[in-house]
A.B. asks: 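Structure provided below as structure tokens; questions to follow.
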Amino acid sequence: MMTDAGSLAMPQRTVPHAVQETSPPVVSNTRLAMLVVIAAESMLFAGLIGTYLVFRLSRTWPPPDLPRLPLALTAANSILLFASLVPMTRALRAVRRDDRATLVRALELTALMGAFFLVVQGFEWVRLVRHGLTLGGSMYGATFYVLIGCHAAHVLAAVVWLTVTAFLARRGAFRATRHGALEMCGIYWYFVCALWVILFPLVYVY
Amino acid sequence: MPTNDARPTALPPGRLAVCAALVTLLPASRVLAQSCAMCASSFGQNDPMTRAFSWSILFLMATPYTIVGVVGAFLFFMHRRAPGRRRATIIDLARASRLLRRPAPAEDSGGDVA
């Protein structure tokens, strides 16, 4: 039986090249880096919350001889922190419209609200220390100051970042097509506020 | 005279199976299953510290999976929602395999999978 060479040859296959090398990445490198940072920060807070849970669930909490945490003041302060998400969102929308005036104003307002949150926290801490709740005095004080203090340190870092970003925005550093640094700052601020959604009920309410 | 032949001698399959079973079953013995000396002996059955450690460990165990899941889901949905991207390149494997089975065209048109 005669067979031609073509029928014996391996069938040719088209090699797909589905991914174009020139296409931009779906998630930019800065956003990816920010995701990694936030994941690492989340694990830091997970460890602290785990420590807090051990002490919280294993003994009478709060100890009877120590002052109670100021719930009403902190609740009002929390509302202020969550309200700061509104100007942050406005800032992100303004930069996409190239609206520099609104951008600067919204960023400064966000930084101001964050700073006010920190001032109220500091005021609350001073009162608690005067009433005998200190870092080294009891496990209650230690877990409270470490957990809430760690969050306050993150808020402080975010406020500094916001201030620098507002300064850069005032100088016209951001455009509708180029505002990656501002977006990263916004993501970090959202993260800091999202953390407080977990920490406030856990430490103050539960 | 000793030889320098460094070839490892392979265990017979039967002996290998016994070793694998021992390695698997040994940690399940009652003494070793007590995860640590503190948890096993320091606290009683109804000690609140045991419950506290249990909840804390469960929380810490769940957190990495939650974070990785959320980040993974975010990346997946960003990839799906991106303009100019086609779903076939991600999930439509059946169509891709159909295209691969198709006979070659006369001239390479540089076509895409999708």
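Labels below follow one simple rule: chain letters A, B, ... track the order of the sequence lines, proteins then strands, and each chain is numbered from 1.
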A.B. asks: Give, as side chain, backbone, both or neither, the part of Arg56(A) having an atom under 4.5 angstrom from any heavy atom of chain B.
C.D. replies: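 Contact with chain B is absent: no heavy atom of Arg56(A) under 4.5 Å.
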A.B. asks: Specify whether Trp161(A) and Tyr188(A) have parallel, tilted or perpendicular ring planes, treating 30° as the upper limit for parallel and 60° as the lower limit for perpendicular.
C.D. replies: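 Geometry flag for Tyr188(A) against Trp161(A): tilted rings.
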A.B. asks: Would you give the length of the straight line joining atom CG of Leu103(A) to atom CZ of Arg93(A), rounded to the nearest 0.5 angstrom?
C.D. replies: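 If I round to the nearest 0.5 Å, the distance is 14.0 Å.
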A.B. asks: Would you compute the distance between atom OG of Ser84(A) and atom CH2 of Trp189(A) and round it to the nearest 0.5 angstrom?
C.D. replies: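 If we round to the nearest 0.5 Å, Ser84(A):OG and Trp189(A):CH2 are 4.5 Å apart.
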A.B. asks: For the pair Met113(A) and Leu81(A), evaluate side chain to side chain contact (heavy atoms under 4.5 Å, CB included) and give the outcome as yes or no after the intermediate values.
C.D. replies: CA-CA 7 Å; Met113(A) 289 167 96; Leu81(A) 184 68; over 6 Å; no
A.B. asks: Between Val27(A) and chain B, with a heavy-atom cut-off of 4.5 Å, which part of the residue counts as in contact: side chain, backbone, both or neither?
C.D. replies: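 Contact with chain B involves the side chain of Val27(A) alone.
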A.B. asks: Taking all atoms of both residues into account, what is the closest heavy-atom pair of Leu92(A) and Glu183(A), and its distance?
C.D. replies: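 So the two residues come closest at CD2-CA, 4.0 Å.
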A.B. asks: Counting heavy-atom pairs under 4.5 Å with chain B, which one of Ser58(A), Gly47(A), Ala39(A) comes out on top?
C.D. replies: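 Of the options given, most contacts go to Ser58(A).
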A.B. asks: Given that the side chain runs from C-beta out, which part of Ile38(A) has a heavy atom under 4.5 Å from chain B: side chain, backbone, both or neither?
C.D. replies: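 No part of Ile38(A) comes within 4.5 Å of chain B.
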A.B. asks: Looking only at heavy atoms, what is the nearest atom pair of Thr89(A) and Leu85(A), with distance?
C.D. replies: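 Residues Thr89(A) and Leu85(A), closest heavy atoms: OG1-O, 2.7 Å.
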A.B. asks: Using only non-hydrogen atoms and a strict under-4.5 angstrom cutoff, which residues of residues 65-74 of chain B touch chain A?
C.D. replies: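 Residues Ile67(B), Val71(B), Phe74(B) are the ones that qualify, each having a heavy atom under 4.5 Å from chain A.
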A.B. asks: Looking only at heavy atoms, which of residues 130-150 of chain A get nearer than 4.5 Å to chain B?
C.D. replies: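 Hits under 4.5 Å: none found.
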A.B. asks: Under a 3.5 Å distance rule, please check whether Asn77(A) uses its side chain to pair with a backbone N or O of Phe117(A) as donor and acceptor.
C.D. replies: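 Such a contact is found between Asn77(A) side chain and Phe117(A) backbone.
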A.B. asks: Enter the distance from Ser54(B):OG to Leu57(A):CG here, rounded to the nearest 0.5 Å.
C.D. replies: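 Result: 10.0 Å between the selected atoms.
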A.B. asks: Atom CG in Leu182(A), atom CZ in Arg175(A): separation rounded to 0.5 Å?
C.D. replies: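 Spacing of CG (Leu182(A)) from CZ (Arg175(A)) equals 13.0 Å.
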A.B. asks: Taking all non-hydrogen atoms of both residues into account, name the closest pair between Tyr204(A) and Gln121(A) and its distance.
C.D. replies: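 That would be OH-OE1, 3.9 Å.
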A.B. asks: Rounded to the nearest 0.5 Å, how far does OG1 of Thr110(A) lie from CZ of Arg105(A)?
C.D. replies: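 Taking CZ in Arg105(A) and OG1 in Thr110(A), the distance rounds to 12.0 Å.
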